[in-house]
Structure formats: C-alpha cells, structure tokens
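So that the names make sense, note that chain A is the first sequence line, chain B the second, and so on, each numbered from 1.
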There are 2 protein chains.
Amino acid sequence: GEKFKAISVADFFYKNREIAGFDNPVRATYTIVRELVENALDACEQYSILPDVRVKLIDEGNSIYRLKVEDNGIGVPYEQIPYAFGQILFGSKYTLRQSRGIFGLGGKMAVLYGQITAHSNVKVISSQGGYEKYMFELSINIQENKPIIKKKEVRPNPGRWRGTIVEIKFEGDYIRAKPKIIEYFRQTSIILPYANILFIDPDGVLYRFDRITTVMPKPPQEIKPHPHGIDIEMINRMINSSRSSTLLDFLVNNFHRVGVATALSFLKSVKIDPEMNPRDLKPEDIVKLVNKMKVYDKFRPPDPDCLSCIGPELFKAGIIREFNPEFVTVTQRKPSAYSGHPFIVEAAIAYGGRIPIVPPDEILVYRYANKIPLLYDLHNDVTMKVIKKINWKRYKIDLANMPLAFFVHICSTKIPYKTVGKEYIADRPEVEYEIEWALKTCARNLRIYLSKKEKINIAHRR
Amino acid sequence: GEKFKAISVADFFYKNREIAGFDNPVRATYTIVRELVENALDACEQYSILPDVRVKLIDEGNSIYRLKVEDNGIGVPYEQIPYAFGQILFGSKYTLRQSRGIFGLGGKMAVLYGQITAHSNVKVISSQGGYEKYMFELSINIQENKPIIKKKEVRPNPGRWRGTIVEIKFEGDYIRAKPKIIEYFRQTSIILPYANILFIDPDGVLYRFDRITTVMPKPPQEIKPHPHGIDIEMINRMINSSRSSTLLDFLVNNFHRVGVATALSFLKSVKIDPEMNPRDLKPEDIVKLVNKMKVYDKFRPPDPDCLSCIGPELFKAGIIREFNPEFVTVTQRKPSAYSGHPFIVEAAIAYGGRIPIVPPDEILVYRYANKIPLLYDLHNDVTMKVIKKINWKRYKIDLANMPLAFFVHICSTKIPYKTVGKEYIADRPEVEYEIEWALKTCARNLRIYLSKKEKINIAHRR
Ligand SMILES: Nc1ncnc2c1ncn2[C@@H]1O[C@H](COP(=O)(O)OP(=O)(O)OP(=O)(O)O)[C@@H](O)[C@H]1O
Ligand SMILES: Nc1ncnc2c1ncn2[C@@H]1O[C@H](COP(=O)(O)OP(=O)(O)OP(=O)(O)O)[C@@H](O)[C@H]1O
Ligand SMILES: [Mg+2]
Ligand SMILES: [Mg+2]
C-alpha cells in the first residue's frame, strides 16, 4: 500500500528549492544576494532611514563563498531573531502595505541553502539602537521548521548602533553569477538615488553607488482590506475575531475606507439588515455578502497611502545619473486596483546619452516591482507583452534604430508574482492596462521632444 | 515597530495561490481538472490497474462549477482520507520513485480554491476494495493547516468496488479554459493508449478516449537515494535514524546499489575508516564525505526500476491513433541521471497523416513529464531550447513546410519543475543533452524514410 506522511514547509522548500530560485549554485548566488539586500532595504525604508547597505562577498575556495550584508535599518528585536532567520513562513511583512518582502521565506531560504551546501550556520548581529546588541548563530531544523540556536550573546552597544549584519556561507558560483549581480545593484541604484549601496566582490573590486539626494518617498501605511479584495475565508476570519455586534459596525471596523454611510448604503442595496449580528450569518448569507461586496461599485477606491512609489523626481534623478540621457520622460499613473489590491504604475522612457542602440530582440527594458529589479523571464512578463502590443511607429519611435531605454515600476500591496523566486509578474488586465497607458504617455512626450528636435535641426541646416 | 508572526503553509498557499496555478478562474479550472486526474492516474498505474477515469464538469450557474472525478484506482485508506484531502504537504508520493504527484499539495489546492470561492466542501468516496466504502465531506482549516471533517460515513461495499470519487465545487470559467482542458485530455490519451478516459463537459458533450491495448508499463519501484544525490541534510538525517554501527554498513544500507565491495573501495579512496561509527563523524568529516561521494565516479549508475516510461510500442500506438501519421519514429534513451536522480528521455517525431503544416512559430511540440502533458510556457521549456538548437536542415527536415509533430517525454524520480503549478522544466545540462540526442536519433530516422520516399517517387515518375 501507499506510505502516507506529512512534511514541514521547510522540508518542502528544501526538497524543491529550485521553486524558490535555488536551481543551481549560479542562480543561488544571485538569489541569496537579492534576498538579503531586499531585507536590508525594507528595514531602512519602512522607517524613513536613508539606506546604507554594504555587501561583501568573499571566495573561500572550493566554490564556497561567504556573504556579509550590513544595513543601518531598524534592526530585529532579540526574541524575534531566531524565528526571523530560522523559521520558514515567519516575518513582519504579512501586512497590507507595500514592501519588498511578502512571503516570509526569502532570508530563510538563503540560510537553508548555506546550511545544506556548506554546513554553515547563519550569523546575525542586530540592534534596534538601544543599550545592547545581539549576536546569534543559527541553523534551521528542517524537518520541524524551527530554529536551532547554536550560539547567542548579548553585547553592550555603547555607540547605540542600529542595524543588522547577516553573514552566510554557501556553495556558489560568482564567476557566472557576476553579470546578473552587478546588474542587480546597478538597477537598484537607478530606482534608489537616495541609497548608499556598496558591493565588494570576491575579486576585491568595489562597486559604489552613492546617494545623490536625501529625499525619500514617504513610507507606506498599513491599511485594512478593501471590500473588493474579499473572499469567503477572509470574511470568516474577520467574523470570528470581530467584537462588532452589528453588521454595520463590522463593515466599518474591518474594511478600508468604509464609513457608516457607505456601509449603510451597501447593506441597503443588498437587502441585508445592518443591525444583525455578523455571527448570525448563515454560510449562504456569507457567500451572498462576499459576492455582492466584490461587485458593489460605490465603495471608495483604495487609498494610495499603503503604497510608496519612487515618484517622478527621484526616478528621473536615478535615470539621469546612470544614463545621462538626452531626454527622459517619467510618468506616474493614478492609483488603480486589481482584486481589491491598490497598485500604481510608474514608467519612463529615456533617449540618447549613454544609451546604446540595440537590436530589436535585445530591447533595453528595466522592470521593477515594489522597487525590486526583475532580471529574469523578460519574455514571460506582462511589461514585455505590453511593449510588443504598442504601435511605436504611431509615436515616430523606431525601436530598432533609436537609443532607447524603457522603465516600468509597479507598486502594490500584493505583486502577483508567478514564482516564489519573484522572477516575473502574472498577467492582470488592470495592471496591463495601466502599464500600457503609462508607456503611451511617455511615448507621446518623447515624440513631442523628437519633433521639436527635428524642427531645430531643420532650422540649423538652412 | 514591526509586527512579527508565523503563518501555516495552507495560509501561504491561500494568500499566494497564483504560485500554484490558481491565478484566476480560467487557469484554476484547468489546474483543478489536471490535479484530480493526475491523482486518479497515479492511483491506477502504481498498482498495475488499467485506468478507467471518468470526469464530469457541470455548470451550476453564476460561474460555479461542480467537478466530479471517478477512478478505479487503489483507493485511499479510511484514516488517511482527511489528511490526504485536507492537509497541505501530506501525501504518499514523497518517495524515490516516478509518479505524477510529488509535492503533496495538488489535490488540496483544488479543495482550498473551491472552499474560498464557492464555500463548498470536498466530497470524497473511496474504497480499497474491501467490505466497506467511506464517504467524507471535508474542508481545510487554513490557519492551522488541518482537515475539518464536516461529515463522514462508512457504508457497505457489497460489490467490492475499489476506487475513489472526488467532487469539488468552485468558481471557474469553462468557456475560456475549454481549449486547454480538451487538449490536456487529448495529450494524455496519446501517451496512455491503455487508459479509458471519459470527459463530460458542461455543455453535455462527451469526450471519449478508449483504450486500444491492455499492455501497461511496469510500475516503478521505490529506491534508496543514489550517492550522487546526497547533501549534508540528507546524510545527517540518515545518520540520526540509522542503526548501523559501522560506516560500511551505513553506506550499504542507505544507498542505492552500493554493495560491500563498492562501499569499501569508496571509503578506501577517501581514506575514511570503514569500521568507524557514523555517529562519530564530526561536521567537517560529514562535509568531506558528502563532497567525495558526489564526485566519486565508480558508483553504479541508478537502476531504472524506479522509473516507468511509456516505452516505444505504446508511445507509437498512441501517436498513431491520434494522428494516423505517414511515418513515426520513437526512441528511448538509456537511463541517465542528474544530481543523483535517474531519468529517461523518450522522444518521437511524426510526419504526415492528420498532422498539418504549421507556421514555424506554431511548431507542434508535445511535452510530457512523468506522463503529465505540459501545456504552458513552451518557450521557457528546455525542450524548445533544444529544438531551436538542432540544425534540422542537416536532416533535410523543413520545419516550415513539412507536416511534423515532435514529442518529448521525461521520466524521473524528480522532475525539476520551476513552478508549483508544474508548468515547465528548469534547465539541466544532463537533461538537455538527452533530449537533444533523442530528437537527433528521431530526425535521422525520419531523414532515412524521407529519402526512401523520395527515391520511390522518382522511380514512379519515370
Ligand atoms: N536586515 C534586516 N533588518 C531588519 N529585519 C530583517 C532583516 N532581515 C530580515 N528581517 C526580518 O525577518 C523577516 C523574515 O525575512 P524573510 O526574508 O525570510 O521574509 P520576508 O522578507 O518577510 O518575505 P520574503 O520571503 O518575500 O523575502 C522579515 O519580515 C523582517 O522582519
Ligand atoms: N484519486 C485518488 N486515489 C488514490 N489516492 C489519492 C487520490 N487522490 C489523492 N490521493 C492521495 O492523496 C495524496 C495527496 O494528493 P495531492 O494531490 O494533494 O498530492 P500529491 O499527488 O501527493 O502531490 P502533488 O501536489 O504533486 O499532486 C496523494 O499522495 C495520494 O496518496
Ligand atoms: Mg525577505
Ligand atoms: Mg496530486
């Protein structure tokens, strides 16, 4: 007969680590750098700390590398360190606000990979700026998905240092991963002109991206779920943990931007008694309530306070620093939503300067999701689909013969990644629509510039 | 400060269900059919039962569908039914043998999706052919990842029926999913000429694929891990659960095809004492042992008994039934391995008959992994990469102007899927190599046929 058993989620991701971006030592090297740097940047930006992130990758021989990532972020509280780094599906980003992290497993996958390929423990030093700083050496008990504390120390912190240092040893391949890693830092610096990023690679080469501004986007604020994002599971959980004795209070207390007037008019339109106790709702009433909420069109749209875009000024500054283009146009769309999740698309097109002319199948497209550069699977991604769809000739833009670079940034409380490795974004009609109009707006601005330039050239030639 | 919490793996896949193939109602409809049919086929083939699988999809209105899948497989034991269908990361396929299932979550994702979109419980009726059959109605406690038994019954089973019936209601979109669903059944029948598959769709249309043979491939046998597939975590678990008092016994008892002579010669070559107790190995010894095992080239290659290919006869029969080609060549490569995982590539090229001539970017490629048809992400898949690489002109094969269909089937104890939705296969050089040589062998056979045909035509024209 069949042998049945359960496995832990750590065991699942250990057996199937290619699903998380750990296919082989080359891809693993890239993914580990990415995951740790993204944790560092989230820890800074969420608290309006101008990021200082230092990354050092050392070749220890025999394909073993040691990666050290240091940040000046908010730090991790003492009791949370073992779980934050040693328990898969644990973290602080399960909230409805924009952040790079969403799954609660990126950092742990790096730890796990280091553990199974180099038998090494992760070292974490962190402080939240208090009198003490904490040092842990951890590994993961994979079969039970819990941390194993190999060593822990509390040390004095006289300088009130605040931040986190994470050090992992693992089997990697820097030679093959290098182009992607350098490109990742470069693309990160384009979108983060206010961050100091330093990378010292195994060859001792220093890559420095210094900040050119101290202006930062406002950090995102957590919001309650929007009624359009509701499903049966969510509403059951809300009902079970709610103290509201009426459906009216329940809606007002649990949903984003739903006030008494909106709640009353919604309940009236679906003929449900505002005074009834939510716990008295029968299963079929819940289904009806959920279906009605999803299609009721008089709810206020989501508030973009839960998002934190780059903004046209900073985006432009980053692009100018990197490419020194002859012309750049940046646009930010109004907030939109898909399935109740607010999102904003920012796009840019840059022309000339250090941008080369490239063959059409090597078109320069820079994609970002919640400020994370996406470097893989371009042709699967929704942005490429849109670029292929637009009739660039209408804007007198010749993709094959003009020095062009395209930039698309999507911010959302939930980026619809198709993979745990955050490689590309699933198709969503609302997102596709916003990307299309953002790029067309930029295309129109470029056309205006090019035709002005053309007139000036014609005038000069006379 | 940050709010830290842990979530269950069910909660993770609920929040991120697009990662498992549940992006939207269209894709969900396809994925649910796929997951349940694959469970049914595994339950038959593992026990040499000629599969009879009946699938009925009913449109209940309001985008709600009811799917019922019935099989004559081995059935599920009474105590396991709640966990098999109600606990994520639970199953009987965590063993080293070929099967369609590997993750322990496909069926549960279908249950979960039905639960959150249609507030419905899964119904399971099963029997292993004994005096009783069991009926359960279940849902999943998502936050705790455990089953909620809504109803259970033991009924008499006078006819000694053996099999499983699974019924799920969910929000779907058959109209848009239909082409992929029909194609899935069609491609399944090509590779399974010994299976009876019946699909009744919401429009009442019957799609019947009747068996044309009662010959079945031998089911796969479970094997121990191969030394080349070892890593530090694995060997630590083996040591902890081993009763062997010597390293020699430990190797012989825990690894695939490692006999006393092989174990001794390996240990001698790495200067480790065969008599030492495995529990006395220090961490650095374990690292050394693992690294040496991975590169020692005198271990016997994996035994293909853990695999269960179609075989050239059956593959040909399935292709002939579907396409009635003028010519078909099928080849099966010798067993190979990647990272200690045995695999076999089978390939075929069919020419003429009902096969149409298609434009080059619509090339007819049928991909299978452990007998699962892969219908998405063709251009990301390793098979397409190989097809683009081969110089078909050398074989006088004109992709643009000949009626051709290409078939590639990979069998392995571990298919390196890039996604939880089993959409496409990651690149592995060993696998790429085998696919390339399988297709080239077929190409050569086709060329021989075409040049014979050419000679006959020339002879006739005289
Ligand atoms: N450098 C850091 N500074 C502060 N907190 C950190 C740092 N690195 C990790 N953490 C904390 O540890 C948690 C877990 O990190 P991990 O990368 O595993 O998951 P995540 O970032 O929440 O989600 P994702 O899997 O998408 O990356 C984070 O949510 C954060 O609270
Ligand atoms: N029709 C069936 N007949 C017999 N056993 C079944 C059937 N459907 C499910 N099972 C049992 O339930 C277990 C869980 O199924 P599930 O689809 O969730 O995971 P899996 O098939 O093991 O892996 P995967 O996630 O890759 O599909 C299976 O391993 C199998 O033991
Ligand atoms: Mg993270
Ligand atoms: Mg399954």
Side-chain angles (χ1 to χ4, degrees), chain A residues 1-9 11-12 14-16 18-19 23-24 46 62 74 76-77 80 83-84 87 89-95 102-105 112 115-119 128 142-143 231-234 237 283-284 286-287 290-291 377 379-380 414 416-420 426-428, chain B residues 1-9 11-12 14-16 18-19 23-24 46 62 74 76-77 80 83-84 87 89-95 102-105 112 115-119 128 142-143 231-234 237 283-284 286-287 290-291 377 379-380 414 416-420 426-428:
Chain A
E2 298 281 278
K3 289 192 246 156
F4 289 84
K5 72 172 187 172
I7 64 170
S8 77
V9 64
D11 212 356
F12 173 79
Y14 155 61
K15 291 187 203 290
N16 300 296
E18 60 278 353
I19 284 187
D23 316 23
N24 52 57
Q46 188 56 45
N62 276 332
I74 195 67
V76 190
Q80 309 293 1
Y83 305 104
Q87 182 170 311
L89 300 187
F90 184 92
S92 60
K93 296 166 198 169
Y94 293 127
T95 56
I102 41 166
F103 298 134
L105 69 88
L112 193 153
Q115 182 176 320
I116 58 181
T117 59
H119 209 273
Q128 299 207 290
I142 297 177
Q143 283 182 298
D231 63 44
I232 292 163
E233 172 72 14
M234 264 170 122
R237 287 187 201 183
E284 52 272 28
I286 291 181
V287 178
V290 166
N291 290 336
D377 290 315
H379 291 283
N380 262 348
K414 178 161 159 56
Y417 292 113
K418 269 294 274 177
T419 58
V420 171
D427 255 336
R428 282 280 185 283
Chain B
E2 296 283 279
K3 288 192 247 156
F4 289 85
K5 72 171 184 169
I7 63 171
S8 77
V9 65
D11 212 354
F12 173 79
Y14 156 60
K15 291 188 205 289
N16 301 296
E18 60 277 352
I19 283 188
D23 318 21
N24 51 57
Q46 187 57 42
N62 276 332
I74 195 67
V76 191
Q80 310 290 0
Y83 304 104
Q87 180 170 312
L89 301 185
F90 184 93
S92 61
K93 296 167 199 168
Y94 292 127
T95 57
I102 41 167
F103 298 133
L105 68 89
L112 193 153
Q115 182 175 322
I116 58 180
T117 59
H119 209 275
Q128 299 206 290
I142 297 177
Q143 284 180 299
D231 64 45
I232 292 164
E233 171 72 14
M234 265 169 119
R237 287 187 201 183
E284 53 273 27
I286 291 181
V287 178
V290 166
N291 290 335
D377 290 315
H379 292 283
N380 262 347
K414 178 163 158 57
Y417 293 113
K418 272 291 277 178
T419 58
V420 172
D427 254 335
R428 283 278 185 288

Colleague: Is it the backbone or the side chain of A:F103 that comes under 4.5 Å from a heavy atom of chain B, or both, or neither?
Modeller: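 Contact with chain B is through both the backbone and side chain of A:F103.
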Colleague: What part of A:Q80 lies closer than 4.5 angstrom to a heavy atom of chain B: side chain, backbone, both or neither?
Modeller: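 A:Q80 touches chain B through side-chain heavy atoms alone.
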Colleague: Any salt bridge linking B:D377 with A:K418? Criterion: basic side-chain nitrogen under 4.0 Å from a carboxylate oxygen.
Modeller: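 No.
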Colleague: Begin from the C-alpha positions of B:Y94 and A:I7 and carry the test side-chain contact (heavy atoms from CB on, under 4.5 Å) through to its verdict.
Modeller: CA-CA 9 Å; B:Y94 292 127; A:I7 64 170; 3.5 Å; yes
Colleague: Considering only heavy atoms, which portion of A:V9 lies under 4.5 Å from any heavy atom of chain B: side chain, backbone, both, or neither?
Modeller: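 Both backbone and side chain of A:V9 come within 4.5 Å of chain B.
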Colleague: Where on A:V76 is there a heavy atom nearer than 4.5 Å to chain B: the side chain, the backbone, both, or neither?
Modeller: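 For A:V76, side-chain heavy atoms alone lie under 4.5 Å from chain B.
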Colleague: Name the region of A:Q87, side chain, backbone, both or neither, that has any atom closer than 4.5 Å to a heavy atom of chain B.
Modeller: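 Looking at A:Q87, just its side chain touches chain B.
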Colleague: Which answer fits A:Q115, side chain, backbone, both or neither, if we ask what part of it has an atom under 4.5 Å from a heavy atom of chain B?
Modeller: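 For A:Q115, heavy atoms of backbone and side chain both lie under 4.5 Å from chain B.
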Colleague: By a 4.5 Å heavy-atom criterion (distance strictly below it), what part of B:Y417 contacts chain A: side chain, backbone, both, or neither?
Modeller: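 Contact with chain A involves the backbone of B:Y417 alone.
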Colleague: For residues B:D23 and A:A426, report the shortest heavy-atom separation together with the two atoms involved.
Modeller: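 Closest heavy-atom pair between B:D23 and A:A426: OD2-CB, 4.2 Å.
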Colleague: Among A:A118, A:G104, A:A6, A:S8, which residue has the highest count of heavy-atom pairs closer than 4.5 Å to chain B?
Modeller: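 Looking at each option in turn, the highest pair count goes to A:A6.
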Colleague: Can you tell me how far the NZ atom of A:K93 sits from the NZ atom of B:K3, to the nearest 0.5 Å?
Modeller: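 With rounding to 0.5 Å, NZ (A:K93) is 15.0 Å from NZ (B:K3).
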Colleague: With only heavy atoms counted, which part of A:L112 is less than 4.5 Å from chain B, the side chain, the backbone, both or neither?
Modeller: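 No part of it gets close to chain B.
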Colleague: Heavy-atom pairs under 4.5 Å with chain B - which of A:D11, A:I74, A:T95 has more of them than the others?
Modeller: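 Option with the greatest count: A:D11.
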Colleague: Calculate, to the nearest 0.5 Å, the distance between atoms NZ and CE belonging to B:K15 and A:M234 respectively.
Modeller: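 B:K15 atom NZ to A:M234 atom CE measures 8.0 Å (nearest 0.5 Å).
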Colleague: What part of B:N380 gets closer than 4.5 Å to chain A, counting heavy atoms only: side chain, backbone, both or neither?
Modeller: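 B:N380 touches chain A through side-chain heavy atoms alone.
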Colleague: Nearest 0.5 Å please: distance from the CG atom of B:N16 over to the OG1 atom of A:T419.
Modeller: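 So the CG of B:N16 and the OG1 of A:T419 are separated by 11.0 Å.
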Colleague: Against chain A, label B:E284 side chain, backbone, both or neither, depending on which of its atoms sit under 4.5 Å from a heavy atom there.
Modeller: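 Neither part.
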Colleague: Where do A:Q46 and B:E2 land on the side-chain contact (heavy atoms from CB on, under 4.5 Å) test, with the steps shown first?
Modeller: CA-CA 9 Å; A:Q46 188 56 45; B:E2 296 283 279; 3.7 Å; yes
Colleague: Nearest 0.5 angstrom please: B:D231 CG to A:T117 OG1, how far?
Modeller: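 B:D231 atom CG to A:T117 atom OG1 measures 9.0 Å (nearest 0.5 Å).
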Colleague: Can you tell me how far apart CZ (A:R428) and CD (B:E18) are? Round to the nearest 0.5 Å.
Modeller: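 Nearest 0.5 Å value for the CZ-CD distance: 6.0 Å.
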Colleague: Find the one option among B:A84, B:G1, B:P416 whose heavy-atom pairs under 4.5 Å with chain A are most numerous.
Modeller: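 Most heavy-atom pairs under 4.5 Å with chain A: B:G1.
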Colleague: So, taking the atom named CG in A:N291 and the one named NE2 in B:H119, what distance separates them when rounded to the nearest 0.5 Å?
Modeller: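 Nearest 0.5 Å value for the CG-NE2 distance: 11.0 Å.
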Colleague: Just so I know, are the side chains of A:R237 and B:I142 near enough to count as touching, which here means a heavy-atom distance under 4.5 Å?
Modeller: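 When only atoms from C-beta onward are counted, B:I142 and A:R237 do touch, with a gap below 4.5 Å.
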